[in-house]
Every structure is written in structure tokens, then in C-alpha cells.
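Shown next, in C-alpha cells, is the structure this report addresses.
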Amino acid sequence: MDSSTMPLTLREKKWGFLATFGNTTSAAIATWSFVAGATVAFYLDTVVGIIVMAAGVLIGLFITVMAALPMSQRYGLEAVRSMRPAFGVRGSIFGVVLVFLTLIGWNSVLAIVLMQSASTVMETLGFVPPSAMKVTQIVILVIAVAVVFALVNRGSGALRWAGPAITAAVILLVIVMLVFLIQHFSWEAIVTAAPLAPLEDSRLNIMIIVEMGIASGLSWWPYLGSLTRYSRNTNTAMWPSLLGLGLVMVGIASLGLMTALVLPESGGNPVYLLATQGGVWFGIGGLLFLFFANIGTMMVGTYTSVLALKQTPVLENKLSWRTATVITLIPVLIVSIFFGDPFLASYPTFLAFSGVLMAPICAILIVDYFIVRKQSLDADGLYSSVRGSGYWYTGGFNVAGIVALALGIGSFFVMFDPIGYIPRFGFHIIGGSVPSALVAGVVYYLVFRLTHRKPLTVAA
């Protein structure tokens, strides 16, 4: 089992195009994409919605790729460890907490949608009575978490084969659902359907969806760093990631958008249509989609969470991979069982806060790696936590990174309200993520130069 948090050698980088594409696509294909597509349906129609959504996702993903992929490829680093040069040994612990909580949040969204959607489909098909819905949901949740635990406990070796296998099955089921949707409503009805509840200002409708798309792309930062470190080279890391986390995700969200426009009560989930209109066999196909799609994404998210948790210096050598996996999955069970409905209702806000946090972090990492350090890192300092080590700085914190992050987050709130999705000061053509990234990047460079006047000498 490969559960190492150390940098990977060329011999250990075994993933080719298929393995990377399979796992990034497995992460992207999930019912949260249907939820995202249904959100777009409130503001935009099919054609404009797909174009605007794709633009936002690709902008966010571009920033994410620049922040994560170069370091994961050259140094074999995952996302949290790559924060040390910019934030310091102790400052990077903030990244551990951030990634751990964020991925628990995403896994909880997946688990809640899976247990609720699957139980609804089973009731519609007559497999369970309405009185047994809650018990059914808990059983589905426990089975899903047990499968994820079994896969993640085997390390990256399990991801190498499980990701592509799950991706192939899910893409086939998506094609079936798309064909069924078009046959049932007609393509003309789908592309001419009006938005469900658009705002009067068309610019604001577009801006909101672009901001959501950027936040979605940025949310892949911890996933990308953890997955591409296993890719053999840059080509087998970058292109599969752009296809899987970008275009495939937009495609699945587009299916949710189309479904929500012609069938608002479905919440964008085409499985609802399969269950109510397609009969038992189509309904079973929908159940298989719900299971495989969400299991695949939860698997990748849990693996990334465990890697993040083991980056904490006091836990890295004391916490076994199995124990870390259990610690990661227990909060998902608690949130899903006891707080499922309110948590899922807060999905847009949760997504927005991905932009609030990830945008400045990614910008700081890009400036630090490409401009400040000229793509050269102190390999020993990355894995040394003792006082005086390469990235110890002041008490374990890089002041430049902390200040830049604070001002970056602050600038987001100045420009955009992530709870109400309302731009401030009349800026209807720009959201909060891009300004936040620009502010954080500029501030980091200036403060770092002021606090580190001597030239950097690092060992690559």
C-alpha cells in the first residue's frame, strides 16, 4: 500500500494518461454537478448557461493548475506540503485544517445527496415503503462509507484501477440519461426552456454563474495536488486533469442544468426522471449511477483528506493510514445523519467560501513558486519541522503569506457577498475570486520583498 507523504521518485510515479484521467474524472462526476447545474438553471437558459459555466470553471481550474501541478510534478508534493514555502512550517498547518474541513464538507454533500436520492428512487420503484425512508438512508450511507474506507485503506494503488473503472461505468450511465432526457422532452424544448428565476439584470445573472464556476474550479486545488503527484510527466498530469476536472465536470453539470429547466421538481437530478418515467430497469440504472459516481468522488476526496491530515508534524509518524481514514470518514457520517438537510441547503454558500479561501491561497502559491523562488525549492526544508529549518521564518510563520492571505480574503468580502451572492459597490461584471487572487498575489510579493531583502539561496 502506498500511503507515503514523502516526495515521490520517478520510479514511484506510475500513473499514465488513463489513470490520471480516470481519477480526476471520477472526482468530477458526482451528483454535486447536478446540484451545480440546477443552480445555473435559476439564472440562465441552456446555451448561455453552459457557455458561462464552462468559462467560470476553466478560469478557476487554470488558477488551480498553475498553483498545484508544477510543484506536484517537479517535487512530488501534494497540496498541503506545497504551502510550506509560502506560509512557513507552522503557517502551513492552516492549510491542513482548511483542506481537511473543506474535503469533509464536499464528502458530506456527496453522502447526503447519495442517501437522499437513492432512497427516493428506491421508494419510487416500490423497493422500500415511505415509513422506512430514514432507515434506508442510513443503511445506504453506511454501505457507501464502508466501500470508500475499503478502497482508500489500500492507498493509491486502489485509486489507480478503481478510478478508471468507476469513470467508464458512470460515463456510460450519463449517456443513457442524456439520451433518455432528449427523447422524453425533445432537444428543442430543452434549448428553448426559460430560466427558472432570473434576476432583472442580465449582467448579474452571468456574473453569479461565472463566480460559481470559478469557485468550483478552485475547489479542485487539494484534489489536483494529491492526484497529479503520481503522474509520470507533465503531459499525463495536465491534459487529463483539464479534461476530467474541467470539461467532463461541465458536461455533467450541463445535464443537471437541462434537467432542471424542463423538470424543475427534479432539482436537476436526471435519476429522478429515470425512476418516474423509465420503469424499474432505468431506475436501477439510476441507482447504479448514484452509487458509483458518488463513491468515486468520495474515494478521491477521502484519500486527499488523509494525506492532508498526515502532514501535521505531530501526527505524521504517529497516525496510521487506517486510523487517519477512519478520522476522516466519521465527521461525514455525523454531518450526513444529523445535519443533512440544512447542510445541503447551504451548498451555494459553501461553494462560494471555496473561492473565498482557495483564490488567495492559489495566487500566493503561484507568485511564491514562479516569481519569488524561480521554480526552485529547498527539498530538505519542505520536510523539516525543526526551528531554523529552511521554511521556519519567524516562529514558524511566513509573515508575507499570512498578511497576503488576510488581505486577499478581506478583498473578496469587499467586492462580493458570498452568502447572498450580491456584488458590492455596483460591480455587476466581476465577482470576488479574481480580485481576491490579484490582491493576495501582489501583497505577497511586496511584503516578501520587504521582509526578505537577502537573495534566496535554495537547494533544488
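Numbers here simply count residues along the sequence, with the first being 1. Just so it is clear, the values below take in all heavy atoms, side chains as well, and ignore hydrogens, waters and symmetry mates.
Across all their heavy atoms, Ala440 and Gly408 have their closest contact at CB-CA, 4.1 Å. Across all non-hydrogen atoms, the minimal contact from Met133 to Ser119 is SD-O, 3.5 Å. Shortest non-hydrogen contact noted between Val52 and Ile206 is CG1-O, 3.7 Å. Pairing each heavy atom of Val113 with each of Val35, the nearest pair is CG2-CG2, 4.4 Å. Leu103 approaches Ser305 most closely through the heavy-atom pair CB-OG, 3.0 Å. Taking every heavy atom of both residues into account, Ala275 and Thr124 meet most closely at O-CG2, 3.8 Å.
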Task: Steps toward side chain to side chain contact (heavy atoms under 4.5 Å, CB included) verdict (Phe127, Val121) - done: CA-CA 9 Å; Phe127 293 166; Val121 171; over 6 Å; no

- [ ] Determine, step by step, whether Leu405 and Phe87 satisfy the side chain to side chain contact (heavy atoms under 4.5 Å, CB included) criterion, reporting the C-alpha distance in whole Å, the side-chain angles of both residues, the deciding distance to 0.1 Å, and the verdict.
- [x] CA-CA 9 Å; Leu405 179 60; Phe87 292 92; 4.0 Å; yes

TODO: Given side chain to side chain contact (heavy atoms under 4.5 Å, CB included), test Leu181 with Val262 step by step and report yes or no.
DONE: CA-CA 9 Å; Leu181 181 69; Val262 296; 4.0 Å; yes

Open item on the list: Is there a side chain to side chain contact (heavy atoms under 4.5 Å, CB included) between Ser92 and Val96? Walk through the geometry before answering.
Closed with: CA-CA 7 Å; Ser92 65; Val96 175; 5.8 Å; no

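In the model, Thr297 has no side-chain atom that pairs as donor or acceptor with a side-chain atom of Asn294 under 3.5 Å. With 3.5 Å as the limit, one finds no donor-acceptor pair spanning the side chains of Thr20 and Thr236. At a cut-off of 3.5 Å, with distance as the only test, no side-chain donor of Ser241 or Thr24 sits close to an acceptor on the other residue. Side-chain contact, Ser320 with Thr323: a donor N or O sits under 3.5 Å from an acceptor N or O. Between the side chains of Asn269 and Thr259, not a single donor N or O lies within less than 3.5 Å of an accepting N or O.
Taking the six-membered ring where the residue is Trp, Phe350 and Phe343 present tilted rings, their angle falling between 30° and 60°. Note on ring orientation: taking the six-membered ring where Trp is involved, the planes of Tyr223 and Trp220 are perpendicular (angle over 60°, cut-offs 30° and 60°). The aromatic rings of Phe180 and His184 lie parallel to each other, with less than 30° between the two planes, well short of the 60° mark.
Using a distance-only test at 3.5 Å, with no hydrogens or angles considered, no donor-acceptor pair links the side chain of Gln116 to the main chain of Gln137. Checking side-chain atoms of Arg229 against main-chain N and O of Ser72 turns up no donor-acceptor pair under 3.5 Å. For the pair Gln73 (side chain) and Ala237 (backbone), a donor-acceptor distance under 3.5 Å is absent. In this structure, Thr102 contributes its side chain and Val99 its backbone to no donor-acceptor pair below 3.5 Å. In this structure, the side chain of Ser266 engages the main chain of Gly268 through a donor-acceptor pair within 3.5 Å. In this structure a side-chain-to-backbone donor-acceptor pair under 3.5 Å is missing from Asp45 to Pro195. Thr64 places a side-chain N or O within 3.5 Å of a backbone atom of Gly217 that can act as its donor or acceptor partner. Between the side chain of Ser82 and the backbone N or O of Ala79, at least one donor-acceptor pair lies under 3.5 Å. Between the side chain of Ser186 and the backbone N or O of Ile182 there is no donor-acceptor pair closer than 3.5 Å.
Crowding of Phe370 atom CZ: a count of heavy atoms from other residues, nucleotides or ligands under 6.0 Å exceeding 12. Within a 6.0 Å sphere centred on CD of Glu188, other residues, nucleotides and ligands contribute 12 heavy atoms or fewer. Within 6.0 Å of CZ in Phe42 there are 12 or fewer heavy atoms belonging to other residues, nucleotides or ligands.
Within the 4.5 Å cutoff, the side chain of Trp239 has no heavy atoms near those of the Thr234 side chain. A heavy-atom distance below 4.5 Å is found between the side chains of Met115 and Ser336. Contact annotation: the side chain of Leu218 approaches that of Ile63 to within less than 4.5 Å [non-hydrogen atoms, C-beta and beyond]. Using a 4.5 Å heavy-atom cutoff, the side chains of Met249 and Leu245 are not in contact.
Here the two rings, on Tyr303 and Trp321, have centers that are under 6.0 Å apart.
For the atom pair CG of Leu110 and OG1 of Thr302, the computed distance is 9.0 Å after rounding to the nearest 0.5 Å. How far CG of Leu173 is from CG of Leu178: 12.5 Å, rounded to the nearest 0.5 Å.
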